[in-house]
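This report concerns only the one structure given below.
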Amino acid sequence: MNDRSDIAAALTEAAQSINAHRSLDHTLDAIVRAAQQTVPGFDHVGISVVHGNGGGGRIETRAGTGPLVWDVDELQYKLHEGPCYDAITNGGVTVMDDIASEHRWPQYVVEVAQLGLRAQMGLQLYTADGALGGLNFYALQPGVDPDAIQLAELFAAHAAIALGHARHQHQLKESVASRQAIGTAVGIIMERYRIPESRAFQFLVRASSTSNVKLREVAQEVVDTTNAELDKAGDATAG
């Protein structure tokens with residue numbers, strides 16, 4: 001697909017497909033399938049995400065166009081080496097043009113060859129907040145088309161935006177849930193011990209510090225325990 005008009009049309013169609021979905025899983029699935037159909041020379045495409053702040057946490061494959069994606073990625077995560085793993089952890093684009101002449105990842109090359117992989121490319125997905133994961137391409141024949149890198153970078157931009165938005169939404173939901181749990185727990189403690197709001201909040205803070213448990217988790221435990229007590233009392237009254 002070297003004709004510029006064909007490429008532009010494919011990218012437009014891919015963007016429409018991506019934006020037509022609302023859930024993160026559907027969005028990521030749309031990205032990998034559109035990239036598979038558009039980026040030349042590759043048989044499969046996958047997306048990995050990094051859990052934890054700063055991009056230094058556990059890596060997980062979230063979308064792929066076939067079982068090979070998960071098999072290859074699992075091997076990379078286990079060995080801590082490979083084109084996609086390097087791209088995620090070190091940044092930029094990492095290309096393995098031909099597995100037969102590859103020497104950077106000796107253990108990985110020996111094992112992944114048994115899966116039929118011959119060429120591979122990984123691109124880090126990142127935003128201003130840091131690394132989010134990687135967009136990964138897999139080929140059953142050697143050789144990486146020079147046009148593939150630029151096209152892959154466009155899809156990587158879409159994937160990074162989708163992941164960044166999803167992470168932001170998740171953080172917002174976590175923040176709302178945390179405030180709700182803490183507020184409810186403070187109200188319970190105020191009522192139970194007949195103390196003002198400031199002292200009830202400090203009660204939770206001390207419990208969190210002493211137990212080395214996050215404040216939200218301490219608050220949620222107070223709420224859950226109270227709910228269980230009320231349910232038990234209600235059952236006893238009904239009986």
Side-chain angles (χ1 to χ4, degrees), residues 1-2 6-15 17-18 24-50 55 59-105 108-109 111-126 131-163:
M1 188 180 296
N2 293 321
D6 289 344
I7 292 173
L11 287 172
T12 299
E13 183 178 351
S17 175
I18 291 165
L24 176 62
D25 288 338
H26 284 165
T27 299
L28 297 183
D29 185 65
I31 290 170
V32 296
R33 297 197 179 281
Q36 180 189 35
Q37 296 170 8
T38 308
V39 178
F42 292 97
D43 300 283
H44 290 288
V45 182
I47 291 179
S48 304
V49 299
V50 178
I59 304 175
E60 175 193 15
T61 301
R62 285 292 301 268
T65 56
L68 178 69
V69 172
W70 275 269
D71 292 340
V72 172
D73 286 357
E74 183 178 354
L75 183 59
Q76 292 185 100
Y77 306 155
K78 181 184 74 173
L79 298 176
H80 292 181
E81 63 177 52
C84 299
Y85 182 84
D86 275 18
I88 292 171
T89 55
N90 299 324
V93 181
T94 303
V95 176
M96 180 175 72
D97 189 71
D98 187 347
I99 197 172
S101 58
E102 182 56 63
H103 303 291
R104 286 172 291 180
W105 312 285
Y108 171 70
V109 165
E111 296 193 34
V112 81
Q114 300 175 24
L115 300 176
L117 189 74
R118 292 296 176 266
Q120 191 174 348
M121 177 170 64
L123 301 88
Q124 186 189 64
L125 302 178
Y126 64 91
L132 300 175
L135 180 63
N136 312 314
F137 294 81
Y138 316 83
L140 302 179
Q141 298 295 327
V144 174
D145 189 323
D147 292 337
I149 297 178
Q150 289 185 332
L151 283 173
E153 286 175 335
L154 293 174
F155 281 99
H158 280 295
I161 291 171
L163 285 173

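Heavy-atom basis, side chains included; hydrogens, waters and symmetry copies ignored.
Looking at heavy atoms from C-beta onward, F137 lies out of side-chain contact with P83 at the 4.5 angstrom threshold. Residues F42 and V144 meet the side-chain proximity criterion, which asks for heavy atoms closer than 4.5 Å. Side-chain contact between Q120 and Y108: present, with at least one pair of heavy atoms (C-beta onward) separated by less than 4.5 Å. Within the 4.5 Å cutoff, the side chain of I99 has heavy atoms near those of the R118 side chain. Under the 4.5 Å side-chain criterion, counting only non-hydrogen atoms from C-beta, I47 is not in contact with F155. A 4.5 Å side-chain heavy-atom check between D86 and W105 finds at least one atom pair inside the cut-off.
If you take CD on Q124 and CD on E153, they are separated by 12.0 Å, rounding to the nearest 0.5 Å. One finds the CG atom of L140 at 6.5 Å from the CG atom of L68 (value rounded to the nearest 0.5 Å).
Taking both residues in full, the closest heavy atoms of L135 and A156 are given as CD2-N, 3.4 Å, listed atom of the first, atom of the second, then distance. Of all heavy-atom pairs spanning A119 and G143, the tightest one is CB-N, 4.0 Å. Nearest approach of V69 to G46, heavy atoms of both residues: CG1-CA, 3.8 Å. In terms of heavy atoms, E111 sits closest to L75 at OE1-CD1, 3.1 Å. Shown here for P40 and A148, the closest heavy-atom pair between the two residues is O-CB, 3.7 Å. Closest of all the heavy-atom pairs between R104 and M96 is NH2-CA, 3.9 Å.
Under the side-chain hydrogen bond (donor to acceptor under 3.5 Å, both in side chains) criterion, E60 pairs with H51, not counting sequence neighbours.
Judged purely by distance below 3.5 Å, without hydrogens or angles, the side chains of Y77 and T61 pair a donor atom with an acceptor atom.
Although no hydrogens or angles enter the test, the distance criterion places a donor-acceptor pair under 3.5 Å between the side chain of Q76 and the main chain of C84.
When each of V112, L115, D73 is checked for a side chain to side chain contact (heavy atoms under 4.5 Å, CB included) with Y138, only D73 meets the rule. When the options T94, V45, D145, I149 are evaluated for a side chain to side chain contact (heavy atoms under 4.5 Å, CB included) with M121, the one that passes is I149.
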